[in-house]
Structure formats: structure tokens, C-alpha cells
Amino acid sequence: MRKDIQEKLKGMLELLSIGQVAEIFSIHQDTLRNWEKDGTLVPLRVGPRKDRKYRPQDIQAIVDKMGSKLTLPQLEAFLWKSADILRGKIDSSDYKKYIFGLLFYKRMSDVWDEEYESVMKGYNDKIIAGADYNHRFQVPKDCKWAVVTEQAESIGQKLNDIFEKLANANSPKLDRIFDDLDFSNRDRFPNETLQRLINHFSQYNFGNTYISSDLLGDAYEYLIKQFAADAGKKGGEFYTPREVEKVIIGILKPHQKDHIYDPTAGSGGFLLEAYDYLKHKSGEKIAKTLYLYGQELNISTFAIAKINMFLHGLDSADIRRGDTLANPQFLTQNGNLQTFDIAVANPPYSIKDWESEIFRTNKYGRLEGYDMPPEKNADYAFVLHIIKSMNVNGRAGIVLPHGVLFRGGAEGRIREQILKNDLIEAVIALPAKLFYGTGIPAAVLILNKNKPENKKNKVLIIDAEKDFLEGKNQNSLRSQDINKIVKAYDVYSDIEKYARVVDIKEITENNYDLNINRYIDTSEQEEVIDVKSAWDDLKKLEKERETINKKVDGFLKELNY
């Protein structure tokens with residue numbers, strides 16, 4: 001049994017009321033009633049009102065039900081079940097933000113209570129225990145999770161009020177993070193539906209004692225992936241497969257105190273992968289020295305990314321909302337684009353409706369030395385923005401559609417200019433159907449503003465299209481596929497039918513076309529046939545057939561046929 005539970009049970013009478021049990025385990029009374037309905041609990045019913053009384057065996061049954069701590073699979077299943085409560089009532093592409101909002105709220109409230117109790121044990125002073133400086137997030141008294149569990153009517157409006165107060169109490173830390181949540185629509189959120197959600201989340205305590213940041217963060221990432229799969233095409237707007245991020249981060253290899261930037265942050269996966277990479281390599285203390293920056297246009301996705309950082313304990317990550325191409329948020333005091341050690345991105349593919357006229361003004365110098373990208377395709381606008389956002393030693397990894405490798409016109413001229421500036425270090429062709437919402441294969445551009453001598457005026461081409469695990473709806477990269485790509489980049493030499501270091505002269509002769517098939521022949525070699533030997537074998541078979549036919553004729557005659 002958990003130590004905190006044991007402490008609360010000390011000195012308690014053998015028979016406990018439903019209120020006492022709910023307080024001890026930090027769960028809602030309705031949860032206990034539900035467990036009674038499904039037979040998990042069978043408390044005594046005492047007195048004329050048939051009050052519930054819980055015996056030691058009932059307490060043990062609750063402990064067995066909850067476990068000491070949730071495992072990752074248990075937590076994933078629990079959180080995904082919360083989506084089942086909304087499924088069918090709200091479009092699958094929309095309800096994720098409500099689940100994430102409630103999860104974060106429950107975490108904030110439970111952690112605040114935990115922090116309060118910890119200070120009380122040390123100082124036994126309610127004023128000190130409630131002081132802002134003793135809490136990561138401020139949770140006003142009328143915003144506690146217990147308050148909403150006691151709300152019988154107008155639960156949706158109560159939640160709206162609570163989220164507004166939480167945002168104000170934690171400004172600017174939580175500015176705009178709850179802006180896209182509205183629980184007050186009774187058609188979408190009837191009281192009974194919200195009550196089910198509240199009861200569901202009330203089953204467990206989400207404080208640090210019970211669920212670590214790593215565990216909750218991993219479960220949150222699982223939820224994001226599940227929602228992306230459930231949302232189909234819209235899933236690709238906020239989720240990049242983690243294995244693709246592993247490829248790019250594995251190539252770029254973040255170092256201590258690196259400034260890492262994602263101008264199309266989505267749910268923040270690239271930034272988290274950078275943190276995880278350095279954490280596994282050098283430990284959490286070194287990983288915490290990374291400076292993480294992201295910008296996201298979609299308000300719902302922006303909130304997902306912010307919550308993602310908080311749940312992973314990365315409160316210092318700077319995630320901002322806005323259109324990166326029209327209104328970049330990371331600027332110097334002089335109004336120029338801020339530059340970074342590493343830039344990573346999976347921009348929306350070939351968007352036709354973008355602020356090309358604003359981009360054309362070249363306010364931030366993104367067109368210096370480059371042609372203007374097409375008005376109906378923003379792929380190279382994102383590339384030019386990233387190039388301008390790289391410092392003198394900056395490196396970048398960008399996921400793009402294959403068309404950027406060979407399309408002509410303005411894009412062809414921009415590609416030529418980038419190659420002449422010797423910024424492209426590698427081009428990697430990925431398998432098809434890795435990304436939600438599109439079956440087309442993508443390519444990765446690895447850029448470097450300060451190439452080492454052995455890579456200058458060269459481009460490594462890697463064809464990784466054939467190495468993947470085939471899935472029913474989505475393909476995926478296995479660990480061996482990821483390692484193969486990263487190793488090929490690290491070695492930076494020719495690998496038959498897989499990788500080739502191409503001199504800029506050859507690319508120039510091909511009119512700056514980077515189409516993978518121009519440089520790597522992955523076709524299977526046809527078997528060389530010895531015609532004379534084959535002819536001799538054929539004649540031999542014909543003689544054998546004549547002999548067999550004669551035998552068969554003999555047998556037929558014997559049988560009078």
C-alpha cells in the first residue's frame with residue numbers, strides 16, 4: 001500500500017464513511033459508488049439511512065483497484081477511455097482539446113494540493129503553504145478540482161469560469177492556453193456527459209507522487225498519436241510521427257545549451273525529441289539546459305504544444321502563437337529574425353493560401369539572395385524562413401514533399417541558389433504513408449551554414465524509401481531503419497543502392513535537380529541468362545517429354561484406350 005495512504009489511515013476507525021474514503025484516496029464519491037455497482041466494492045449499509053461503511057477488506061479492494069502507481073499502459077488506457085465518453089457527441093478532430101484541457105487542469109489541481117500538504121508538514125502554516133512561491137501553478141480556492149466535482153448544474157459554464165480564472169492567475173504563463181475551450185454548449189456537453197468525464201478523471205490522483213512527469217508526458221504523447229490517427233487527414237496538421245523526428249534529431253545531435261527552434265511546432269514533438277535525445281545521452285540535468293522555442297498558428301494545436309511542454313516538466317520552453325510566414329514571433333530587439341543553433345520543422349505541405357504579399361515585402365530579409373516563392377505554394381517560403389533563422393553555425397532538418405527536389409520555375413531557381421550557397425548537406429527520401437492525412441512519400445533536407453571541409457560542395461543523397469514496417473493504414477520506421485539512416489549520414493560515404501555523396505558539379509550538370517532517382521539506382525539487377533545453356537536445357541526437356549509420351553501411349557494401349 002502507498003505510504004501516503006498508510007499515513008492517512010493511521011488512527012482511523014475500522015469502519016469509514018464514504019466521505020472519509022474519498023478524501024483518503026483523493027477520488028470522487030461517485031467513483032466509489034460506480035465500483036460498488038460493478039461489484040468491486042461491497043460496503044456495509046448501516047443505520048436507518050443505510051449509510052455506507054467501509055471495512056479493512058473494502059479498503060484493500062480499493063488499493064488493489066488503484067494499484068500503487070499507474071503503469072504507462074494503464075494510464076494510456078485510462079486516458080483514451082476518456083475520449084470514449086465524448087466520441088459520437090463531438091467530431092474526433094475537436095474533442096482532443098477538451099480532454100487535454102481537463103487532464104492538465106486535474107494535474108495542476110492535484111499537484112497544488114500535494115505541494116500544499118508538503119509545506120504544511122514542514123511548517124504547519126497555512127499562509128506559507130498557500131503562498132504563490134511554493135507552487136508551480138496557482139490554483140485559486142474556487143478553482144480546485146473538488147469544486148467542479150461538487151457542481152450539479154451548469155457544469156460546462158463552471159468549467160469555463162474556472163479555466164478563465166486559472167489563466168488569469170497564471171498570466172502570462174498560461175495566456176491563451178484555454179482560449180479554444182468552451183464547455184457551455186449544452187447540446188455538445190450535457191451535464192450528464194460532463195459529470196461522466198469529471199467522475200472518470202476523479203478516479204486517480206494526478207500528483208507527482210502518483211504519476212511522474214515522464215510517465216504523464218509519455219501518456220500524453222500516446223494520446224496525441226491516437227487522436228491523430230482518429231482524426232485522419234486533420235491528424236497530420238498537429239502530429240509528426242515520432243520516428244521521423246528521431247531521424248532528424250539523431251542527425252542534428254543537439255548539444256548542451258543549444259537553442260532549438262520549430263517554426264511550425266504542431267504538438268511540440270520535435271522539441272521534446274531534442275530534449276529526450278540529450279537526456280538519454282547526457283542526463284536530465286544537461287538536457288534541461290536546452291533552450292526550446294516553437295511557433296504554431298492553430299490555436300488548439302498551440303495549446304496542445306504548451307500543455308505538452310508543461311506535462312514533461314519543460315516550463316521554460318517558449319511556445320508562441322502566430323503565422324510564422326506573416327508574423328514571426330521570435331525577433332531581436334532590432335526587429336530582425338532571431339537566429340538559432342538548430343531549426344527543425346514539418347511545415348504544412350504545399351499550402352496555396354498563404355500571406356505571400358506580406359512575405360514579398362522582405363521585411364525580415366528572407367528573400368535576400370533568393371527568388372520569391374510561388375504565390376500558390378509556400379514550401380520554399382518555409383525553407384527560406386528557416387535559412388534566415390539559422391545562426392552562422394546553424395543546422396536544420398526540414399520535412400518536405402518530394403516536389404521541392406525537382407520542381408522548376410521560381411522553386412527551381414531558389415533550389416539553385418541554395419545549392420550555390422552550399423547549404424544543403426543531405427537529402428533523405430522517406431517511405432510513403434508515414435504521415436497522417438497523406439500517402440505521398442516525403443523528403444528531408446538537412447541544411448548546414450558551416451559545413452566541415454569534407455562536406456563542402458557535396459550533397460549526401462540517401463534513399464530510405466524501401467525500409468519500413470508496413471501497416472494497414474500507416475507505415476512506420478523501425479529502430480533499424482532509423483539507425484540505418486543516421487549511420488549513413490554520420491559515415492557520409494557511398495553505400496551501394498542506398499546512399500551516395502554527390503559533387504555539386506554533377507548536380508549543376510543536372511540543372512540543380514535533386515530527384516533521388518538521378519543519383520541512386522535502386523533497381524534490381526536483371527539476371528544474366530546464358531542462352532546456349534538454356535537452349536540445351538530446353539532440348540533435353542523435350543527429349544524427356546517424348547520418352548514420357550511414348551510410355552503413356554503404351555499404357556493406354558494396354559488398357560485398350
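Just so we're clear, the structure is a prediction, and the values are computed from it rather than from any experiment.
Put simply, the side chain of N475 gets close to the backbone of G471: a donor and an acceptor are under 3.5 Å apart. A distance-only check finds no donor-acceptor pair linking the side chain of Q329 to the backbone of R320 [under 3.5 Å]. For N134 (side chain) and A131 (main-chain N/O), no donor-acceptor pair under 3.5 Å exists by modelled atom type. E114 places a side-chain N or O within 3.5 Å of a backbone atom of T209 that can act as its donor or acceptor partner. A donor-acceptor contact shorter than 3.5 Å is absent between the side chain of E36 and the backbone of P43. Using modelled atom types, one side-chain atom of N391 and one backbone atom of G394 make a donor-acceptor pair closer than 3.5 Å. No donor-acceptor pair closer than 3.5 Å links the side chain of N199 to the backbone N or O of R196. Looking only at distances, a side-chain donor or acceptor of D341 sits under 3.5 Å from a matching main-chain atom of H259. Counting only distance, with no hydrogens or angles, the side chain of N185 and the backbone of D187 share a donor-acceptor pair below 3.5 Å.
A 4.5 Å side-chain heavy-atom check between K53 and L16 finds every atom pair outside the cut-off. Between N298 and D180, every side-chain heavy-atom pair lies at or beyond the 4.5 Å cut-off. Considering only heavy atoms from C-beta on, I162 comes within 4.5 Å of K158 through its side chain. In this structure, L311 and F100 have side chains that are not in contact, with every pair of non-hydrogen atoms separated by 4.5 Å or more. Inter-residue side-chain proximity for R321 and Q295 is flagged as unmet; no heavy-atom pair is nearer than 4.5 Å. Proximity of N168 to L174: side-chain heavy atoms (C-beta onward) are nowhere separated by under 4.5 Å. Between Y222 and L75, the closest side-chain pair of non-hydrogen atoms is not below 4.5 Å. Counting only heavy atoms from C-beta outward, the side chains of L223 and K96 never approach each other to under 4.5 Å.
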Practice task
Before giving the answer on salt bridge (Lys or Arg N to Asp or Glu O under 4.0 Å), spell out for R242 and E245 the whole-Å C-alpha distance, their side-chain angles and the decisive distance to 0.1 Å.
Solution key: CA-CA 5 Å; R242 200 64 185 265; E245 295 166 344; 3.4 Å; yes
Practice task
Under the salt bridge (Lys or Arg N to Asp or Glu O under 4.0 Å) rule, what do K306 and D318 come out as? Steps first, then yes or no, please.
Solution key: CA-CA 8 Å; K306 288 278 285 186; D318 191 349; over 6 Å; no
Handout entry: Audit row: I260, F340, side chain to side chain contact (heavy atoms under 4.5 Å, CB included) steps and yes/no
Key = CA-CA 6 Å; I260 303 177; F340 305 89; over 6 Å; no
Exercise for the section: Go through the steps for K279 and D276 under the test salt bridge (Lys or Arg N to Asp or Glu O under 4.0 Å), then give the verdict. Expected result: CA-CA 5 Å; K279 181 180 176 181; D276 285 345; 5.5 Å; no
Exercise for the section: Could you give me the CA-CA distance, side-chain angles and deciding distance for D51 and I18, then say whether side chain to side chain contact (heavy atoms under 4.5 Å, CB included) is met? Expected result: CA-CA 8 Å; D51 292 334; I18 188 170; over 6 Å; no
Practice task
Before giving the answer on ring pair (Phe, Tyr, Trp, His ring centres under 6.0 Å), spell out for Y293 and F330 the whole-Å C-alpha distance, their side-chain angles and the decisive distance to 0.1 Å.
Solution key: CA-CA 8 Å; Y293 309 83; F330 294 98; 5.5 Å; yes
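No hydrogens or angles considered: nothing links the side chains of S212 and D214 as a donor-acceptor pair under 3.5 Å. No donor-acceptor contact under 3.5 angstrom links the side chains of Q338 and S389, judged on distance only. With 3.5 Å as the limit, one finds a donor-acceptor pair spanning the side chains of S154 and R186. Residues T240 and N346 have side chains that bring a donor and an acceptor to within less than 3.5 angstrom of each other. Between the side chains of Q157 and D161, at least one donor N or O sits under 3.5 Å from an acceptor N or O. In summary, the side chains of T332 and N334 do not present any donor paired with an acceptor at a separation below 3.5 Å, with no hydrogens or angles considered. Side-chain contact, Y275 with H312: no donor N or O sits under 3.5 Å from an acceptor N or O. The closest side-chain donor-acceptor pair between D182 and N160 falls under 3.5 angstrom.
Of the inter-residue distances, the one linking D110 atom CG with I211 atom CD1 reads 8.5 Å to the nearest 0.5 angstrom. From K246, atom NZ reaches atom CG of N483 across 10.0 Å, with rounding to the nearest 0.5 Å. To the nearest 0.5 Å, atom CG of residue L272 and atom CE of residue M309 are 3.5 Å apart. With rounding to the nearest 0.5 angstrom, the OG atom of S109 is 12.0 Å from the CZ atom of F206.
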Pair up each side-chain donor or acceptor in residues 144-152 with any protein partner under 3.5 Å, not counting sequence neighbours, and list the distances.
unit_1 : atom_1 : unit_2 : atom_2 : d
W145   : NE1    : S202   : OG     : 2.9
T149   : OG1    : A146   : O      : 2.6
Q151   : NE2    : E153   : O      : 2.7

Result block: side-chain N/O donor-acceptor pairs under 3.5 angstrom for residues 281-292, not counting sequence neighbours:
unit_1 : atom_1 : unit_2 : atom_2 : d
K288   : NZ     : G313   : O      : 2.8
T289   : OG1    : K257   : N      : 3.0
T289   : OG1    : I286   : O      : 2.5

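Nearest heavy atom pair, residue S82 against residue I99, reads OG-CG2, 3.4 Å. Heavy atoms only, all atoms of each residue included: A129 and V119 are closest at CA-CG1, 3.5 Å. The heavy-atom pair separating F435 from A442 by the smallest distance is CE1-CB, 3.6 Å. Closest non-hydrogen pair, G250 versus V486, comes out as O-CG1, 3.7 Å. Residues I342 and P254 approach most closely at CD1-CA, 3.8 Å, considering heavy atoms. Nearest approach of I386 to P263, heavy atoms of both residues: CG1-CG, 4.0 Å.
Ion pairing of D179 with R176 is present here, as a side-chain N (NZ or NE/NH1/NH2) and a carboxylate O approach within less than 4.0 Å. With respect to R52 and D58, no salt bridge is recorded, no charged nitrogen being found less than 4.0 Å from a carboxylate O. Checked for salt-bridge contact, K165 and D142 meet the test: a charged N lies under 4.0 Å from a carboxylate O. The pair D84-K81 does not meet the salt-bridge criterion, since no charged nitrogen lies less than 4.0 angstrom from a carboxylate oxygen. A salt bridge does not link K487 to D490: none of the charged nitrogens lies less than 4.0 Å from a carboxylate oxygen.
Exactly one residue among E115, R136, R107 makes a side chain to side chain donor-acceptor pair (under 3.5 Å) with N208. That residue is R107. Checked options Y220, Y95, Y239; the residue passing with F227 is Y95 (criterion: ring pair (Phe, Tyr, Trp, His ring centres under 6.0 Å)).
Checked against a 6.0 Å centroid threshold, the rings of Y98 and F189 count as neighbours. For Y105 and F137, the distance between ring centers is not under 6.0 angstrom. With ring centers used as reference points, Y204 lies 6.0 Å or more from Y210. Checked against the 6.0 Å centroid threshold, Y364 and H385 do not count as a close aromatic pair.
The number of heavy atoms from other shown groups lying within 6.0 Å of NZ (K173) is above 12. Residue-environment remark: CZ (R49) stays at or below the threshold of 12 foreign heavy atoms within 6.0 Å. Counting non-hydrogen atoms of neighbouring residues, nucleotides and ligands closer than 6.0 angstrom, the NZ atom of K253 exceeds 12 such neighbours.
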